[in-house]
Chemist: 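Let me begin by handing over the structure; questions about it come next.
Lettering of chains follows the sequences in order, A, B, ..., and the numbering in each one begins at 1. Because the structure is a prediction, the values reported are computed rather than measured. Any value given below was found using the heavy atoms of this structure, including those in side chains, with hydrogens, waters and symmetry copies removed.
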Amino acid sequence: MLSGWFIALLATAYLGLLFAVARFGDARADAGKSIISANVYALSVAVYCTSWTFYGSVGRATSGGLSFLTIYIGPTLMLLCVGVIIKMIRISKAQRITSIADFIASRYGKSQLLAGMVTVIAVIGVVPYIALQLKAMAASVDVLLEHSGGSFQVLGLDSTFLIAVVLALFSILFGTRHLDATERHEGMVAAVAFESVVKIVAFMAVGIFVTYGMFGGLSDLFQKAAASADFGRLLQLDSSRAGTWTSLIILSGLAIIFLPRQFQIIVVENVDESHLKRAVWLFPLYLLLINIFVLPLALGGLLHFDGQGVNPDTFVLTLPLARGAESLALLAFIGGLSAATGMVIVETIALSTMVCNDLVMPILLRSTGNFVDKRNDLSGLLIGIRRAAIALILLLGYIYFRAAGEAYALVGIGLISFAAVAQFAPAMFGGMYWKQGTRAGAVAGLLAGFMVWLYTLLLPSFAKSGWMPSGFVENGLFGIAWLKAQALFGLAGLDEISHCLWWSMLANIGAYVAVSLNSKPDAVEASQAERFVDVFRFDSRNTEARLWRGKASPDALVQLLERFLGAARAGQQLAAYATSRRAEHWRNLPADADFVRFAESELAGAIGSASARVMVASVAQEEDLGLEEVLDILDEATQVRAHSRELEAKQRELEAATTELREANERLRELDRMKDDFISTVTHELRTPLTSIRALSEMLHEDPRLDLADRSRFLGIIVTEAERLTRLINQILDMAKMESGRAEWTTSEVDMGEVARESMASLEQLFREKGVVLEGDIPSSLPSVLADRDRLTQVMINLLSNAVKFVPGGTGRVLVRVSGAADLVRVEVHDNGPGLTAEECIVIFEKFRQGGNTMTDKPQGTGLGLPISRQIVEYFGGNLWVESEPGAGANFIFTVPVPAPDDNNGRQTA
Amino acid sequence: MKRANPTRQRLAALGLLGVPLLTYPLLSLPSGELGGIPATYLYLFGVWAGLIVLAAWVAERGK
């Protein structure tokens with residue numbers, strides 16, 4: 001049924017499909033229509049889920065229960081720190097960084113030593129991980145073949161080797177199409193995203209089949225497991241392993257950005273920073289979905305194969321096979337194949353770039369200068385090196401797989417790789433956020449961390465595989481007990497991963513910080529530190545030009561570019577650069593700092609920043625600026641930035657002050673205008689009575705024959721007008737005093753009812769003369785208010801005399817109503833006069849504005865009574881207003897607040 | 001990108017919130033089972049899903 005040939009055919013067909021997808025992606029990229037959308041990017045990040053996830057998680061869950069989830073929770077939390085990742089992307093784009101080795105080397109002064117170290121650590125750390133993928137593929141093929149009883153060999157080579165060869169071919173075809181490593185591999189990314197879809201579909205299909213097809217759903221599965229003492233413990237977390245839980249979250253959180261393939265996908269292959277916003281939740285969602293059925297599958301396998309000794313790492317295949325669901329098993333096989341191939345392809349491409357740029361190139365450039373000089377076009381050589389590196393890495397992985405065999409479970413190998421790449425964390429984070437981190441510090445930290453990792457994790461795993469004596473693990477090196485590899489200095493009780501993480505991080509961070517603080521960076525390091533840490537603020541235009549001084553020949557630089565990039569690509573880049581500087585041809589450009597920098601960054605994209613630096617230095621006569629000068633330039637740049645920020649702040653302050661001044665000026669003008677109005681109104685008001693007094697006086701003076709009756713009538717008018725004049729002047733003075741706050745107020749307890757009664761009594765005569773009825777509704781006991789008695793009387797009299805003025809003689813009625821409440825005393829003066837329009841209700845409180853038509857009627861008051869009254873009432877915290885409608889009389893109301901009891905007491909004793 | 005980006009800060013805050021929620025000692029709180037499914041299993045996937053939903057909301061809202 002499932003013959004070896006059929007499986008081979010299926011796998012080949014699937015890989016063929018991958019080729020097609022990648023081809024399509026590349027074709028679209030070449031046509032300028034990229035298919036890399038935010039979703040594709042997020043899915044490609046799921047290259048994190050390797051066959052270790054696909055097969056290994058289930059195996060791990062059969063022994064550790066839910067602890068396998070840590071490997072996926074860590075990345076979820078790390079990815080939420082979008083700022084860190086965006087900074088990495090921004091730096092990498094600005095510096096044309098192509099790998100994590102290049103990143104660290106570039107930050108610490110474009111150091112070839114550091115680049116080489118990082119590459120070695122990455123290769124040693126990750127090759128076992130690649131071996132793990134090959135092993136998983138071999139195991140899955142074995143399971144299928146075992147089931148069908150067939151076998152598959154071509155020319156005596158085993159299937160794993162063939163798979164490795166096909167993968168190498170795929171990586172070579174799509175990973176080394178362009179020389180420039182910053183050129184994105186869109187076809188590869190598309191293929192990886194496609195594989196991510198395949199693997200999640202396959203895994204969930206198996207999960208649903210087992211959970212709902214073989215068992216009665218999640219709860220049935222869990223209950224059956226809980227019934228067994230052995231399996232029941234898998235459902236509970238073991239809180240004694242809290243330390244391991246946290247360590248694994250940290251470790252996997254670091255792995256998601258520092259594994260070479262993750263750095264490649266997340267940073268180097270990123271097309272658009274905004275894609276991260278999708279990845280930040282879509283990728284965790286992917287992780288969550290692919291993990292939901294891991295524990296059910298593990299329990300299902302344990303329950304189904306209880307005691308049959310089936311390898312838990314293969315449950316994903318063996319469970320469907322046990323039920324005869326061969327097509328589902330084949331789907332799972334394809335899913336596992338996807339998981340493994342995706343990882344291997346991206347990882348080998350990332351590692352090959354590092355090996356080529358950071359290990360082989362420096363050696364070639366250094367040892368055989370003649371050899372490099374003789375070859376005119378080196379771009380072919382570079383691609384050849386990269387292809388060889390891919391093949392070599394896969395071969396190494398295959399050899400490791402053969403040698404390690406069944407020695408170690410899948411999950412162990414993955415975590416060893418995670419712990420290896422975690423050693424990059426201090427140098428990376430320090431490099432991005434700490435300018436004082438130096439090359440010496442980074443070298444020391446990496447070396448210390450790597451040695452501890454080697455001694456406490458990798459070598460013991462070799463010892464367990466039987467490749468070397470295990471004495472140093474069991475008894476300690478040279479028999480010294482506190483040098484036991486997995487209980488260093490007696491630190492026992494931790495699992496090996498936590499133990500390694502703890503000691504290696506202590507050594508790594510300790511050495512990095514201590515050496516950094518005690519060493520001086522050189523000029524290149526100092527300027528790179530500035531470029532990395534301040535990537536969002538670095539003013540490249542002005543500062544870059546000053547950070548390089550020397551003489552360069554454009555021809556030599558262009559020749560260099562042509563040799564490493566190939567003539568066609570170099571010409572293309574040069575033309576683009578010339579256009580960006582508004583020149584027709586690069587020959588018209590001076591070989592200045594900017595040109596040199598352009599050439600160096602182009603070279604960095606092809607051969608890494610460290611080698612690019614060496615090559616540019618070899619053709620240009622550079623002046624060594626020295627640390628002091630570089631620091632001066634950088635400080636100056638910082639100061640200029642600070643100054644410009646200060647200036648901006650000052651400018652904002654000035655603008656604010658100007659606005660305030662303008663407003664104040666407006667207010668002053670308004671006041672000035674009001675004052676002018678006031679004066680002109682006052683003069684007008686004063687002139688009216690004066691004119692009539694003068695006219696009458698002149699008549700009296702010039703006409704001695706005027707009869708007595710007329711005389712006394714005229715004199716009467718003169719007296720009234722003079723009184724009006726006096727009143728007007730008094731009121732103006734009063735008003736001015738109040739407005740300027742110089743009025744004198746004597747505050748005492750006042751009985752409002754008494755004030756009302758007295759005012760009514762004093763005006764009784766006036767009312768009687770006009771035949772107006774004056775009525776009072778005043779309760780005998782009212783709460784006292786704190787106010788100036790005379791002033792309140794003034795308000796009352798003003799309101800009453802207004803009322804009598806406006807009501808019709810004979811039929812007029814004025815009602816005074818005083819009422820008290822807990823917090824205020826309310827006084828109403830109601831009349832049955834002509835009433836006021838809504839507009840008049842407002843204007844009568846303005847100065848010199850009176851009720852009625854002032855143009856035709858003789859003014860009946862001064863026009864100041866109501867404004868003064870309102871000022872008085874408001875001074876004591878009350879309100880004065882009028883409620884009226886035309887024809888319905890007017891109701892003037894004012895309130896005066898009653899002091900709170902304790903307040904009242906206070907005033908009395910004072 | 002002169003000033004700190006609020007979306008990035010909100011996402012980072014979510015990440016920091018996730019750390020205590022998904023590690024010990026809080027992790028030892030859920031016990032027993034709910035509808036036949038272990039409470040720890042539900043808690044882990046529930047908090048995880050909650051973080052993802054919040055992150056999706058924060059990240060996609062600004063567009």
Chemist: If you take all heavy atoms of A:Val280 and B:Ala59, which pair is closest and at what distance?
Modeler: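 Shortest heavy-atom separation between A:Val280 and B:Ala59 comes out as CG1-CB, 3.9 Å.
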Chemist: List the steps and the verdict of side chain to side chain contact (heavy atoms under 4.5 Å, CB included) for A:Leu77 and B:Leu51.
Modeler: CA-CA 9 Å; A:Leu77 299 179; B:Leu51 283 178; 4.1 Å; yes
Chemist: Find the distance between CZ (B:Arg8) and CD1 (A:Ile85) and round it off to the nearest 0.5 Å.
Modeler: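 B:Arg8 CZ to A:Ile85 CD1: 11.0 Å, rounded to 0.5 Å.
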Chemist: For the candidates A:Gly243, A:Gly65, A:Ser219, A:Gly253, which exhibits the highest count of non-hydrogen atom pairs separated by less than 4.5 Å from chain B?
Modeler: A:Ser219
Chemist: Crowded around A:Trp434 CH2? As in, over 12 foreign heavy atoms under 6.0 Å?
Modeler: yes
Chemist: Report the distance from atom CG of B:Leu27 to atom CG of A:Leu66, rounding to the nearest 0.5 Å.
Modeler: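 Output value for this atom pair is 8.5 Å.
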Chemist: How long is the gap from CZ on A:Phe222 to CD1 on B:Ile37, to the nearest 0.5 Å?
Modeler: 6.5 Å
Chemist: Heavy-atom pairs under 4.5 Å with chain A are the metric here; pick the option from B:Pro25, B:Ser31, B:Gly15 that has the most.
Modeler: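 Of B:Pro25, B:Ser31, B:Gly15, B:Gly15 has the most heavy-atom pairs under 4.5 Å with chain A.
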Chemist: For residues 35-50 of chain B, which residue pairs pass the side-chain hydrogen bond (donor to acceptor under 3.5 Å, both in side chains) check, not counting sequence neighbours?
Modeler: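 Listed by first then second residue: A:Thr76-B:Trp48.
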Chemist: If you count every heavy atom of other residues, nucleotides or ligands that lies below 6.0 Å from B:Leu34 atom CG, does the total exceed 12?
Modeler: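 Atom CG in B:Leu34 is not packed in, count stays at 12 or less.
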Chemist: Taking side chain as everything from C-beta outward and backbone as N, CA, C, O, which of these in B:Val19 sits under 4.5 Å from a heavy atom of chain A? Side chain, backbone, both or neither.
Modeler: both
Chemist: Out of A:Leu69, A:Leu295, A:Thr70, A:Thr246, return the one with the most heavy atom pairs under 4.5 angstrom to chain B.
Modeler: A:Leu69
Chemist: Rounded to the nearest 0.5 Å, how far does SG of A:Cys81 lie from CG of B:Leu16?
Modeler: 6.5 Å
Chemist: Which atoms form the tightest heavy-atom contact between B:Ala49 and A:Leu288, and what is the distance?
Modeler: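 Residues B:Ala49 and A:Leu288, closest heavy atoms: N-CD1, 3.7 Å.
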Chemist: Over all heavy atoms of both residues, which pair between A:Leu80 and B:Ala55 is shortest? Give the atoms and the distance, please.
Modeler: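 Result for this residue pair: CD2-CB, 3.7 Å.
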Chemist: What is the minimum heavy-atom distance between A:Asn291 and B:Phe45, and which atoms define it?
Modeler: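 Scanning both residues, the minimum pair turns out to be O-CZ, 3.6 Å.
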Chemist: Closest approach of A:Ile249 and B:Leu22, non-hydrogen atoms and distance?
Modeler: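 Looks like CD1-O, 3.8 Å.
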Chemist: Can you name the closest pair of heavy atoms from A:Arg278 and B:Glu60 and give their distance?
Modeler: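 It is NE-OE2, 2.9 Å.
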Chemist: Given a strict heavy-atom distance threshold of 4.5 Å, which part of A:Ile86 is in contact with chain B: side chain, backbone, both, or neither?
Modeler: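 Looking at A:Ile86, just its side chain touches chain B.
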Chemist: For chain A, which of B:Val53, B:Leu44, B:Leu14 has the most heavy-atom pairs under 4.5 Å?
Modeler: B:Leu44
